[in-house]
Amino acid sequence: MQYWLFKSEPNCYSIDDMKRDKKTLWDGVRNYQARNFMREMRVGDRGLFYHSSTIPAGVVGTVVVSKNALPDLTQFDPKSDHPDPKSNPADPRWDCVELTFDTMLSRTVTLNEIKQKKAFSHLQLVQKGNRLSVLPVDKKHYDQIIKMAQ
DNA sequence: GCCAACGTTGGC
DNA sequence: GCCAACGTTGGC
């Protein structure tokens, strides 16, 4: 089983939305590295749900991968937020996975406190300039962040 | 294949 | 809103 982190701006899609919807397609991702990580995901993988571009930014909940990667249909919809006219329907460029709500953390584990712990220095999330919206996390770090919320 | 210009992300 | 970082695009 692998562990991941999913970023979302809460005014776009928050952990509360995730809880209400129970499951959602993680579509709209238009970054090759993030897409490749989604292609590696398998049903049952765990994920941290992270709120970005908000104060404070941080981990707010957990999710489970409930469907392996499948074509992201929003790329072919001119009315979607991220249409990609260059993507060929016979060989779609962008994929998404389905996520299912797991838990809401009892408090936000902020980026700031994660940065302050030396144990997290190799976490891609805390390395400067990180703009990846989907990234892998070690089980160790995943467990530790959940523990910090308690 | 290089690289400048440009657009987007995300913390603050 | 600012700005640094960095991915993408496109001309050559």
Side-chain angles (χ1 to χ4, degrees), chain A residues 2-21 24-41 45-65 68-99 101-138 140-150:
Chain A
Q2 297 185 89
Y3 297 81
W4 309 92
L5 181 142
F6 298 88
K7 278 187 197 169
S8 184
E9 299 188 17
N11 57 10
C12 177
Y13 195 84
S14 70
I15 189 70
D16 297 293
D17 297 323
M18 182 84 239
K19 186 179 184 185
R20 181 199 61 217
D21 295 345
T24 193
L25 287 176
W26 207 251
D27 55 19
V29 174
R30 297 293 181 266
N31 171 285
Y32 289 104
Q33 218 183 330
R35 180 205 65 184
N36 292 343
F37 285 140
M38 289 201 289
R39 288 182 174 174
E40 289 177 31
M41 292 179 192
D45 282 1
R46 306 275 153 175
L48 297 170
F49 195 103
Y50 176 91
H51 280 173
S52 66
S53 296
T54 189
I55 298 172
V59 176
V60 291
T62 62
V63 293
V64 177
V65 175
N68 291 356
L70 65 156
D72 173 354
L73 296 179
T74 67
Q75 67 195 299
F76 303 120
D77 178 1
K79 281 177 289 194
S80 81
D81 291 336
H82 308 282
D84 185 349
K86 290 184 192 163
S87 181
N88 173 8
D91 183 22
R93 180 180 291 185
W94 305 112
D95 282 6
C96 58
V97 290
E98 185 191 77
L99 299 181
F101 176 79
D102 181 24
T103 67
M104 187 93 84
L105 297 189
S106 50
R107 69 177 191 87
T108 301
V109 177
T110 67
L111 178 61
N112 193 35
E113 52 185 309
I114 291 170
K115 276 181 176 168
Q116 282 172 10
K117 298 217 174 193
K118 271 206 195 112
F120 293 113
S121 61
H122 294 293
L123 195 64
Q124 280 194 46
L125 179 70
V126 309
Q127 283 163 4
K128 84 173 170 182
N130 170 59
R131 296 165 56 203
L132 259 188
S133 62
V134 174
L135 49 105
V137 174
D138 291 343
K140 190 176 59 177
H141 293 147
Y142 178 94
D143 290 341
Q144 202 169 350
I145 286 171
I146 288 173
K147 211 181 231 177
M148 283 162 73
Q150 289 161 359

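Throughout, protein chains are lettered first and strands after them, A, B, ... in sequence-line order, and every chain is numbered starting at 1.
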Exercise. Quick one: salt bridge (Lys or Arg N to Asp or Glu O under 4.0 Å) pairs with a partner in residues 74-87 of chain A, sequence neighbours left out?
Worked result: A:Asp84-A:Arg93
Exercise. So which of residues 108-122 of chain A are in contact with DNA chain B, with a heavy-atom cut-off of under 4.0 Å?
Worked result: A:Leu111, A:Lys115
For this session: Would you kindly give the CD-to-P distance between A:Gln124 and C:dG7, to the nearest whole Å?
Result: 11 Å
Exercise. Does a nitrogen or oxygen in the side chain of A:Lys7 sit under 4.0 Å from OP1 or OP2 of B:dT9?
Worked result: no
Exercise. Has the side chain of A:Thr103 got a donor or acceptor atom that lies under 3.5 Å from a matching backbone atom of A:Leu105?
Worked result: no
Seminar exercise, completed: d(A:Thr62 OG1, A:Ile15 CD1) to nearest 0.5 Å is 7.0 Å
For this session: Return the value, rounded to whole Å, for the distance between atom CD1 of A:Ile55 and atom P of B:dG11.
Result: 10 Å
Exercise. Once you round it to whole Å, what is the distance between P of C:dT8 and CG of A:Asp84?
Worked result: 12 Å
For this session: May I have the distance from A:His82 (atom NE2) to C:dG7 (atom C1'), rounded to whole angstrom?
Result: 15 Å
For this session: Describe, in one word, how the ring planes of A:Phe49 and A:Trp26 are oriented to each other, choosing from parallel (under 30°), tilted (30 to 60°) and perpendicular (over 60°).
Result: perpendicular
Exercise. Is there any side chain to side chain donor-acceptor pair (under 3.5 Å) pair reaching into residues 140-150 of chain A, and which pairs are they, with sequence neighbours excluded?
Worked result: A:Lys139-A:Asp143
Problem set entry | Euclidean distance, atom CG of residue A:Asn31 to atom P of B:dG7 [Å, nearest integer] | 18 Å
For this session: May I have the distance from A:His51 (atom NE2) to B:dC12 (atom P), rounded to whole angstrom?
Result: 17 Å
Exercise. Any side-chain donor paired with an acceptor under 3.5 Å for A:Thr74 and A:Arg30?
Worked result: yes
Exercise. How is A:Ser53 classified with respect to the nucleic acid when contacts are heavy atoms under 4.0 Å: base, sugar-phosphate, or nothing?
Worked result: base
For this session: Indicate whether OP1 or OP2 belonging to C:dG10 is found under 4.0 Å from a side-chain N or O atom of A:Lys86.
Result: yes
For this session: State plainly whether the residues A:Asp17 and A:Arg20 are in salt-bridge range, i.e. N to O under 4.0 Å.
Result: yes
Exercise. Which of these nucleotides, B:dG11, C:dC6, C:dT8, is closest to any side-chain atom of A:Arg131?
Worked result: C:dC6
Problem set entry | Side-chain N or O of A:Tyr50 closer than 4.0 Å to phosphate OP1/OP2 of B:dG11 | yes
Problem set entry | Length of the line joining A:Leu135:CG and B:dT9:P, which is rounded to integer Å | 15 Å
Seminar exercise, completed: Between CG of A:Asn130 and C1' of C:dA5 the distance, given in whole Å, is 10 Å
